[in-house]
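Worksheet: the structure to be examined is printed underneath.
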Amino acid sequence: MLTGNDLGTKEAGRFSFREPVASDAPSVLTLVKRSNSLALNSGQCYLMLCEHFASTSVVAETDGELIGFIIAYIPPGRRDTLYIWQIAVASHLRRLGLTKKMLRHILARHNLKSIRYIEASVNRSHDPSFRLFQTLAKEGHCKMDQLPALSATLEGSDSSGEEQLIRVGPLDPVSKTLIGRRKRAYAI
Ligand SMILES: CC(C)(COP(=O)(O)OP(=O)(O)OC[C@H]1O[C@@H](n2cnc3c(N)ncnc32)[C@H](O)[C@@H]1OP(=O)(O)O)[C@@H](O)C(=O)NCCC(=O)NCCS
């Protein structure tokens, strides 16, 4: 198995990105289970999401193995916003820029030219998630707003306020291409 430490320029070229298909659902489910931080939904749910949100989502593969995904969608009536529902990268390939690269792949799509904002519901106590969106704002030369999460309106939800709606933007056509471009030790 390829690990982060092995990841040189040659191996880096083996990563590929594409829209998910329904048959990716079991691999997506496995990554969610192994993440130890994402809410686990049913296999049927991931099947439907891979199928119905394919044009706004992405999977990353190497050697035929699915090693990362972003499932996202456009909220009804808000063509300028990409709402990220779940993201995960295989633990041995984290901190290599894969999430940023997956996001750039989505934002480059012709059908998503109208996207100017990225939103996600993030738990404030989960540092990697928070920092991820801070970095997206920094690299996209825009701001990151923190708003009340939709889940706060759920009856019986945790009222500690830990869950927040993060909004990164506004992104313009150039700033979208800058995400994940920064030079790093291992170029992907
Ligand atoms: C969060 C997660 C998706 C990040 O994936 P990744 O491919 O490692 O992310 P990237 O390498 O593209 O990093 C993007 C930025 O996120 C932040 N980040 C990612 N992991 C981090 C960590 N462990 N600690 C602090 N910041 C982190 C950094 O700001 C990073 O930018 P930098 O490397 O230029 O500093 C990955 O850690 C994961 O799968 N976690 C388990 C699932 C999860 O928690 N998903 C919710 C995400 S909202």
Side-chain angles (χ1 to χ4, degrees), residues 1-9 11-12 14-18 20 24 27-41 45-46 49-50 53 56-62 65-73 75 81-108 117-147 149-151 162-169 171 175-188:
M1 180 190 284
L2 183 68
T3 69
N5 289 338
D6 298 328
L7 194 68
T9 308
E11 289 83 358
R14 288 157 61 182
F15 287 94
S16 59
F17 304 88
R18 61 168 172 79
D24 292 321
S27 304
V28 168
L29 185 65
T30 300
L31 279 180
V32 173
K33 279 182 187 160
R34 289 181 182 162
S35 75
N36 289 325
S37 56
L38 291 176
L40 180 64
N41 295 274
C45 175
Y46 289 103
L49 294 173
C50 285
F53 296 155
T56 47
S57 302
V58 66
V59 292
E61 292 176 306
T62 185
E65 185 188 359
L66 197 149
I67 45 84
F69 74 86
I70 297 178
I71 292 181
Y73 63 90
T81 301
L82 182 76
Y83 186 89
I84 296 183
W85 183 67
Q86 282 189 329
I87 315 175
V89 167
S91 56
H92 63 292
L93 292 169
R94 288 180 191 164
R95 294 313 301 267
L96 296 169
L98 265 172
T99 291
K100 289 193 273 190
K101 183 97 175 173
M102 288 194 289
L103 192 56
R104 209 169 67 228
H105 190 274
I106 295 177
L107 293 174
Y117 295 91
I118 298 166
E119 287 186 359
S121 181
V122 167
N123 192 297
R124 262 203 296 214
S125 63
H126 192 243
D127 198 43
S129 302
F130 229 77
R131 288 188 184 277
L132 167 64
F133 290 98
Q134 279 177 332
T135 297
L136 296 181
K138 190 174 158 203
E139 295 190 5
H141 298 286
C142 57
K143 56 186 181 125
M144 180 184 103
D145 289 325
Q146 298 174 47
L147 306 160
L150 193 59
S151 58
E162 284 291 285
E163 200 73 15
Q164 290 224 300
L165 178 71
I166 300 292
R167 184 169 164 89
V168 171
L171 292 159
S175 57
K176 283 185 198 177
T177 67
L178 297 177
I179 291 171
R181 284 282 184 212
R182 190 166 58 85
K183 279 197 188 332
R184 37 194 323 127
Y186 304 106
I188 294 181

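Sequence positions, counted from 1, serve as the residue numbers for this chain. Quick note: numbers below take in every heavy atom, side chains included, and nothing from hydrogens, waters or symmetry partners. Order of appearance sets the numbers: ligands from 1, and atoms from 1 within every ligand.
The shortest separation from a heavy atom of G97 to ligand 1 is under 4.0 Å, placing the residue in contact. At least one heavy atom of L96 sits under 4.0 Å from some atom of ligand 1.
Taking CZ of F15 as the reference point, atom NZ of K101 lies at 10.5 Å (rounded to 0.5 Å). Going from atom CG of L29 over to atom CG of L66 covers 11.5 Å, rounded to the nearest 0.5 Å. In this structure, the separation between CD1 on I166 and CD on Q146 is 4.5 Å, given to the nearest 0.5 Å.
When K138, R131, K100, Q134 are ranked by how near their heavy atoms come to atom 26 (N) of ligand 1, first place goes to R131. In the candidate list S91, P128, G180, P128 is nearest to atom 23 (N) of ligand 1, counting heavy atoms.
In summary, R181 and E139 do not engage in a salt bridge, as defined by a charged side-chain N under 4.0 Å from a carboxylate O.
For the pair R95 and ligand 1, the shortest N or O to N or O distance falls below 3.5 Å. Note: no N/O pair closer than 3.5 Å links L38 and ligand 1 by distance alone. For ligand 1, the polar-atom distance check against L93 finds no nitrogen or oxygen pair separated by under 3.5 Å. Of the N or O atoms in S35, none lie within a sub-3.5 Å distance of an N or O in ligand 1.
For V59 against D24, the heavy-atom pair with the smallest separation is CG2-OD2, 4.1 Å. Between F133 and M144, the shortest heavy-atom distance links the atoms C-SD, 3.7 Å. Across all non-hydrogen atoms, the minimal contact from A88 to L38 is CB-CD1, 3.8 Å. Summarising the geometry of S125 relative to E162, their closest heavy-atom pair is CB-OE1, 3.2 Å, with the distance given to 0.1 Å.
Ligand-side atoms of ligand 1 in range of I87: 3 (C), 42 (C), 43 (C), 45 (N), 46 (C), range being under 4.0 angstrom from any heavy atom. Interface of L132 with ligand 1, defined as ligand atoms under 4.0 Å from a residue heavy atom, comprises 14 (C), 15 (C), 16 (O), 17 (C). Shown in contact with T99 at under 4.0 Å from a heavy atom are these atoms of ligand 1, numbered in order with element: 3 (C), 4 (C), 5 (O), 6 (P), 7 (O), 9 (O), 12 (O). Residue contact check: S129 has heavy atoms under 4.0 Å from atoms 46 (C), 47 (C), 48 (S) of ligand 1. Residue contact check: S37 has heavy atoms under 4.0 Å from atoms 41 (C), 42 (C), 43 (C), 44 (O) of ligand 1. Counting atoms of ligand 1 from 1 in the listed order, those under 4.0 Å from a heavy atom of H126 are 44 (O).
More than 12 heavy atoms of other shown residues, nucleotides or ligands fall within 6.0 angstrom of atom CZ in R18.
A donor-acceptor pair shorter than 3.5 Å can be found between the side chains of S121 and E163.
Contacts between L98 and ligand 1, counted as non-hydrogen atom pairs separated by less than 4.0 Å, involve both the backbone and the side chain.
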